[in-house]
Structures are given as structure tokens and as C-alpha cells.
Enquirer: 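Structure provided below as C-alpha cells; questions to follow.
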Amino acid sequence: MTEPPIVPKLLDTAVSALGGSKRDGQVRMAAAVAHSLDTGEHLAVQAGTGTGKSLAYLVPSIRHAVTTGKTVVVSTATIALQQQLVDRDLPRLSKALKKDLGREPEFAILKGRGNYLCLNKLHSSVASEPDSEELFDPFAASRLGREMKRIREWSSDTETGDRDELTPAVSDQSWRLVSVGARECLGATNCTYGQDCFAEAARKRTGQVDVVVTNHALLAIDAMTEVNVLPDHDAVVVDEAHELVDRVTSVATAELTGTTVAAAARRAGKLVEEEIADALVAASEGLTGLLEDCGTRRWLGLPDGAGPALAAVRDAAWATRTAVGPARGANLDPDAAAARSAAITALDEVHDTAVRVLTAFDEPDESKRRDVVWTSDVPVRGGGFRRTLHVAPLSVGGLLRTRLFGESTVVLTSATLAVGGAFDTVAGSWGLPRSGSTEAERDPDLASGKKPDAAIEWSHLDVGSPFDYARSGILYVATKLPPPGRDGTNPAILDEIETLIKAAGGRTLGLFSSTRAAKAAAEALRERIDTPILCQGEGNTGQLVRDFAADPATSLFGTLSLWQGVDVPGPSLSLVLIDRIPFPRPDDPLLTARQRAVESRGGNGFMAVAATHAALLLAQGVGRLLRSTDDRGVVAVLDSRLATARYGGFLRASLPPFWETANRDTAVAALQRLAES
């Protein structure tokens, strides 16, 4: 691989400007990214914690943008990384590289339209209408009034309209009253406040810069719709790429309930004749009854009565939408424009989702269907559940291959991409061809009879980590414990946790497979251990993590977001506890359907879907231990299957090369030495 000669020099300048030292893995990654951007060959890079991967892709990306005049999009999964790039890394990099590049590179952040204040909605009566759930809650209504007053005052001062600049933050309920999604927006030419639109101003700024920072959800929307959400660009860097498929799937998933249909009818009620809106209300009642009768399960076909009920929703929504008429024509009246736009958006979503479910089973072969349909009970504010119909794509590989890899050069990076020691599985989920397999095995869309796109060239690289895992960490697998069951936390596991935390003197991050398990363990161990134990759900998660980091004697128990979102270097964290291998729920409708699709093509559905899901999350959880080169500690996995099951080797191959032991005394002694030092 021939790297452009200027890249090492730019990297030296960048490292000096941001502090720290240049690492071998960082140099190799920067060279590979530069080569990818210059040749157009896609690249997947696994870069362990401490590599400095942000600089390794930002430096060649900035060089590419400045020398070609073409924008590079950087997409992340988390707000924390976006803020790091925009608030810290890019400002300093731009100044540092100005001399070598001949001008100061420019950058901007682009968020979804719903993150920006909508002036048209703010100045309409819609902004003063409470949600239905606030109508009977005086406290919520009072809070809503106070927050709306603050928003109105802030609207006169803000230059960006960005929700994140409003401090203290307001509730989601209040923000929904003053923001719009892409489908609800009137468009700059049809809106009274189009010339002052914050979202449009943010998008215009991104069209004039070298690097645009955005998120996976917006990247997905740009790929899924005909509207160009992102500015023109020829390259995309996807950081936290292990999250890409889940984020795209989430954006492509639609929901339908009797309540959402009734809400659409209510929004349109003042805009259409009464009998038209009444027909949609009647359809909503029919849908509610259908969902109650169906229970919670995956649909393999339309249940009895589902066809007529969904057709009634579809037809009534279309009739109402037709009666409402176009969104244009009301642009001189903010109230009318906002009300009409909100009604049209709601009606379109109801209609399109009903159509999508009705056509989901047109293909008789289950493995070749585009969508998966199921019902579940979704919690609602104030308690209780709402029976909900979901429809999600069976695979997003085809979408990504056509609309992402087919249109831009893409660099994907994360600390966890080589699942089971290889890139193939994750690459296949992105729609990239996998080596040593038939076309149909590589791509579900090809198996369904579609014509393949032009060949996609890609390469992969694992640049390792600066950490000496074998000397810095121990992986202890508790092989003497019984395999975890479904009946709560085993007393033997609680005894094990107690022994390990006492040996560590606190300093423990407990990662649990469920909220219930985390809470049960915290409650039980608080009666046995003198050091403090915090538990996710007992306060703001960010504050809990800060409290945990501030006191080395404290332990923190939690679930999913802690598996990937905690960065606590130093003495406050020397033990990571994992109660069980994080397999997805066996009744997860979408993952079950994906497993069956793999099996229908002769593959191993469990390994391709469930084990891969577990391997990625397990690697992320284990990665919480070492966050700096000075860190030391133990990862204790209290699930014996990691050592005894046939898939255990696959999972361990996805983890950093810690020194491994099944001897509890060895782990306890190591923790005691760390606590004493």
C-alpha cells in the first residue's frame, strides 16, 4: 500500500497539536484510510481502544476534502463522539493543519431536522396544544407551560436553534410541540419562516465545508429517501460501525397502533368533513380490537381479520389525506400551515405503514420477504402498555450496498468488527461480499432472485491496540458456576459477585443482561457489602457514571447502555462483571426471522445472528476495563458457557487477548493486589 507522502507529516502535526504520542496502529490506519479515499476502495478497520482512530481517519479525510474540493461525511452512533469531534478534535486539527494544507479546513455538524427549533410551529397554536397524556395530568401540564415559556424566550436569542444549546434541557413532550420531522416540514419555499429556518441554515452550512459530522440515523434517512438530507459528498467515514445495522434497521422500522390512527384522525378533524374523519376513527377502533385479539407474537401471515382491518385503515387514511389536500397554499398562515402539515405527516405514516404490512406476505417464501411483522406491548408514559404492530426490514444489506457503498467511498471503523476473529460476518450484514462463499450466501437479496450490483471492492485491516492485554488484564470465566437460568439470579452467582467486589474494594462495573437482574443483584448485595453500589435507573445515567468514576470504592450495576457507553480510566474501575453471555432474547421476532433466513440458505442461523450479536456486545462490555495504557484489572464472566459451550471459542476469539483463567482464587488475588496498590 502506497500512502501519500504528506499523510505522515500531517499526522505528526495533528498528534502534536492534540497532545499524546503517535502509535504504530494509528499510522497504519491513517495510511489505509488515505489509500481508500484515493482509490475508491471501501475499507473496514478494527482499531482497539487507545489507538487514536479519530485522528487516524480525520487527518486523511481532511486532506482528501481540501485537495479534491469534495466533502467527507463522518457518521457516528453516539452524541458523545459527535461532541468530541466537533468541540475538541476538529477545531484544533483545522488550526494545526492550516499551514500544511494552504488554508484552514472547515467543518460543521448536521443533526436531524427534529433537533432544530421550528419557528413556524412555535408561532402557531399547535405549540400550545398538550399531548393527550398531559390533558389529565396537572403536574405535566404545569411543567409544559414553564418549559414552553423558556423555549419562547430562548428563541429570541439563539443563533442555531439547536436543542442541545437550550440549558437546562426541556422534556421531549415540550420539544415535540416546537419541532418537526422531515416529512412534516413545509419546505423553505412554502413556509412563512423559510428564510429564517434553523434546520435549513444548518444544512446550508454543511454544503460549504470540508467535513460534515452527522449520525447513523441521518445517514440512514439519506439512504432511504429520495430527498438529499446530506450535502453532496464522495466519501463517508462510519465510526462506531458495529452499530450501523441496528441504527439503520431502527430508522427503517415502522409502528402502528389504534392510538396513532385515532391521533391522525384528530389532527385532520378540523380540515375535513366530519364523516371522513369518523371513518378513520372507526378504522382505528377496528385496529385496536384486532391487535388485542392477536396477542403478542410474530406474524407469519395475515391473521384472521387482519386484512379487512388494515385495509380499512389504509383506505380511510388515504381518503382523509386526499380530503386534506396539499400542504401548500396555507403558507401565509402559520396556524393553518402547521396544522395541515402535522395532519398530512400523520396520515401518510398511517397509510404507508398499513400498506407495508398488507404487502409484507405477498412473497410466499418467508426467507425472501422484505419485511418482518410482529406485535408487542410497548410501555407508555404514566405506566401500562400499548399493543403495537411493528414492521421492520429482514435485511438492510441491500439498502446499504446500493445507497451507501454504491454511491460513495466508505471507511468503516470500530474497536469491535472482527467477530470470531474474522470480518466476514459483519461485512455481510452491511451488504458487502464475503470471501469464500457463494453469491446467495453473501447476500440475502441475491438469494431472492435479484440481479447483483456491480462488484464491490473492499479490504479490511486490524491495527490492534497499544494495550498489552496479556499483562494488563485477566479474563476469568467462572466455570464452576451453574449455567444461568431464567428464574432470576442464582444464589451462587451472588456469592461470587460478593467475593470479587470485596477483593476489588469496590471499583466494579457490573454489566447485566436485564434491568431486572441488575436491580435484584444491587438490592441483594447492598445488604452484604459495605462499599456503595449504584444501579442504573436510580438516577440520570450520565450522573451515575460520573459518581462512579469519582469514588474508587463505588460499584455501578446496569444494563445495555453501560455495555458500550462507559469510559472510566484510572483506579475507579478494576473489575468488570458480566453476569451472562448477552445473547438476544430467543423470542425476538426480527432476529429470529433473520436466523431462519440464514438457515434457509444452508447457513448456521444461530452463529450468524445470535452468536454474532452476543460477540459484538460482549466485546464492547469487556472493552470497558482498559481505557488507558496504565489501567489494570479483571474481567469476570459468570457464565460458564463461555468456556464449555461449542460456540465459546467463537466468542472468545472476538475478545482482546487477555490472560485467561478459570481459577477464582487467581482472580481474587489479582484484585486484592490492585486494591492494595
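Side chains are part of it too, since the values below use all heavy atoms of this structure and drop only hydrogens, waters and symmetry mates. Remember, predicted model here, so these are calculated numbers, not experimental data.
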Enquirer: Under a plain distance cut-off of 3.5 Å, with no hydrogens placed, do Glu255 and Thr353 share a side-chain donor-acceptor pair?
Expert: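 There is no such pair between these side chains.
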Enquirer: Less than 4.0 Å between a side-chain N and a carboxylate O, is that true for Arg403 and Glu407?
Expert: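 Result for this pair is yes, salt bridge flagged.
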Enquirer: Would you check if the side chain of Arg113 reaches a backbone N or O of Ala199 as a donor-acceptor pair within less than 3.5 Å?
Expert: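 Absent.
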Enquirer: Is there side-chain contact between Leu230 and Thr214, with heavy atoms separated by less than 4.5 Å?
Expert: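 Yes, their side chains come closer than 4.5 Å.
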Enquirer: Is a side-chain N or O of Glu240 found less than 3.5 angstrom from the main chain of Ala77, in a donor-acceptor match?
Expert: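 It does hold such a pair.
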Enquirer: So which heavy atom on Ala277 is nearest to which on Ala265, and how close?
Expert: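 Closest heavy-atom pair between Ala277 and Ala265: O-CB, 4.0 Å.
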Enquirer: Counting only N and O atoms by type, is there a donor-acceptor contact under 3.5 Å from the side chain of Ser284 to the main-chain atoms of Val281?
Expert: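 Flag set: sc Ser284 to bb Val281 pair under 3.5 Å.
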Enquirer: Picking from Arg594, Arg596, Glu599, what satisfies side-chain contact (heavy atoms from CB on, under 4.5 Å) with Val609?
Expert: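 Going through Arg594, Arg596, Glu599 one by one, the side-chain contact (heavy atoms from CB on, under 4.5 Å) with Val609 is satisfied by Arg594 alone.
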Enquirer: Please tabulate, for side-chain N and O atoms in residues 342-352, each donor-acceptor pair with protein atoms closer than 3.5 Å (sequence neighbours left out).
Expert:
residue: Thr345; atom: OG1; partner: Arg183; partner atom: O; Å: 3.2
residue: Thr345; atom: OG1; partner: Glu184; partner atom: N; Å: 3.2
residue: Thr345; atom: OG1; partner: Ser341; partner atom: O; Å: 3.0
residue: Asp348; atom: OD1; partner: Arg321; partner atom: NE; Å: 3.2
residue: Asp352; atom: OD2; partner: Arg183; partner atom: NH2; Å: 3.0

Enquirer: Side chains of Leu389 and Thr257: does their closest heavy-atom pair fall under 4.5 Å?
Expert: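 Leu389 vs Thr257: side chains apart.
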Enquirer: How many angstroms lie between OG1 in Thr359 and CZ in Arg314, if you round to the nearest 0.5 Å?
Expert: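 Reported to 0.5 Å precision, the distance equals 10.0 Å.
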Enquirer: Side-chain donor-acceptor pair under 3.5 Å between Thr158 and Arg163, yes or no?
Expert: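 No, Arg163 and Thr158 have no side-chain donor paired with an acceptor closer than 3.5 Å.
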Enquirer: Heavy-atom count check: over 12 atoms from other residues, nucleotides or ligands less than 6.0 Å from Leu300 CG?
Expert: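 Correct, the count exceeds 12.
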Enquirer: Would you call Asp371-Arg356 a salt bridge at under 4.0 Å N-O?
Expert: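 The answer is yes: the pair qualifies as a salt bridge.
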Enquirer: Can a donor-acceptor pair be found between the side chains of Gln536 and Thr515 at a distance below 3.5 Å?
Expert: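 Absent: no donor and acceptor within the cut-off.
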Enquirer: Checking side chain to side chain contact (heavy atoms under 4.5 Å, CB included) for the pair Val248/Val245: CA distance, chi angles, key distance, verdict?
Expert: CA-CA 5 Å; Val248 175; Val245 168; 6.0 Å; no
Enquirer: Minimum heavy-atom separation for Trp299 and Leu302, please, with both atom names.
Expert: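 The answer is CZ3-CD2, 4.2 Å.
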Enquirer: Looking at Gln82 and Ile109, would you say the former's side chain and the latter's main chain have a donor-acceptor pair under 3.5 Å?
Expert: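 No; judged by distance alone, with no hydrogens or angles, the pair does not exist.
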Enquirer: Indicate yes or no: at least one non-hydrogen side-chain atom of Cys294 is less than 4.5 angstrom from one of Pro303.
Expert: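 They are in side-chain contact.
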Enquirer: Test your reading of the model: is there a side-chain donor-acceptor pair from Arg203 to the backbone of Val229, 3.5 Å cut-off?
Expert: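 Present.
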Enquirer: Is a side-chain donor or acceptor of Arg369 paired with a backbone partner of Glu363 at a separation under 3.5 angstrom?
Expert: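 Side chain of Arg369 to backbone of Glu363: a pair is present.
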Enquirer: Distance alone, cut at 3.5 Å: any donor-acceptor contact between the side chains of Thr375 and Arg297?
Expert: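 No, no side-chain donor-acceptor pair sits under 3.5 Å.
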Enquirer: So Phe198 and Tyr193, ring pair (Phe, Tyr, Trp, His ring centres under 6.0 Å) or not? Walk me through it.
Expert: CA-CA 10 Å; Phe198 292 120; Tyr193 297 91; over 10 Å; no
Enquirer: Any heavy-atom pair between the side chains of Trp458 and Pro433 that's under 4.5 Å?
Expert: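 Answer yes - side chains close enough.
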Enquirer: Is the side chain of His613 donor-acceptor paired with the backbone N or O of Leu591 at a distance under 3.5 Å, no angle test?
Expert: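 Looks like no, no N/O pair under 3.5 Å.
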Enquirer: Under a 4.0 Å N-O cut-off, is there an ion pair linking Arg152 with Glu147?
Expert: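 Glu147 and Arg152: not salt-bridged.
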Enquirer: What do you reckon, is CD of Glu153 surrounded by more than 12 foreign heavy atoms closer than 6.0 Å?
Expert: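 More than 12 heavy atoms, drawn from other residues, nucleotides or ligands, come within 6.0 Å of this atom.
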Enquirer: At their closest point, which heavy atom of Gly112 faces which heavy atom of Leu218, and how far apart are they?
Expert: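 Of all heavy-atom pairs spanning Gly112 and Leu218, the closest is CA-CD1, 3.6 Å.
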Enquirer: For the pair Asp164 and Lys111, find out whether any cationic side-chain nitrogen is under 4.0 Å from an anionic carboxylate oxygen.
Expert: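 Salt bridge present between Asp164 and Lys111.
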Enquirer: Quick one: does any side-chain atom of Ser408 pair with a main-chain N or O of Val410 as donor and acceptor, under 3.5 Å?
Expert: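 No, because the side chain of Ser408 does not come within donor-acceptor range (under 3.5 Å) of the backbone of Val410.
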Enquirer: Please confirm whether the backbone N or O of Arg176 pairs with a side-chain atom of Lys121, one donor and one acceptor, at under 3.5 Å?
Expert: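 Yes, because the side chain of Lys121 sits within donor-acceptor range (under 3.5 Å) of the backbone of Arg176.
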Enquirer: Measure from the side-chain N and O atoms of Thr76 to the backbone N and O of Asn215, and report whether any donor-acceptor pair falls under 3.5 Å.
Expert: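 Not a single qualifying donor-acceptor pair exists.
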Enquirer: Is the number of heavy atoms from other residues, nucleotides or ligands within 6.0 Å of CG (Asp232) greater than 12?
Expert: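 Counting other residues, nucleotides and ligands, CG of Asp232 stays at 12 neighbours or fewer.
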Enquirer: Does the side chain of Ser171 pick up a donor-acceptor pair with the side chain of Ser174 at under 3.5 Å?
Expert: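 Per modelled atom types, Ser171 and Ser174 side chains form a pair under 3.5 Å.
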Enquirer: Search all heavy atoms of His233 against all heavy atoms of Pro231 and return the closest pair with its distance.
Expert: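 So the minimum-distance heavy-atom pair works out to ND1-O, 2.7 Å.
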Enquirer: Testing the 3.5 Å rule here: is there a donor-acceptor pair between the side chains of His242 and Gln564?
Expert: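 Checked: His242/Gln564 side chains pair up, N/O donor to acceptor below 3.5 Å.
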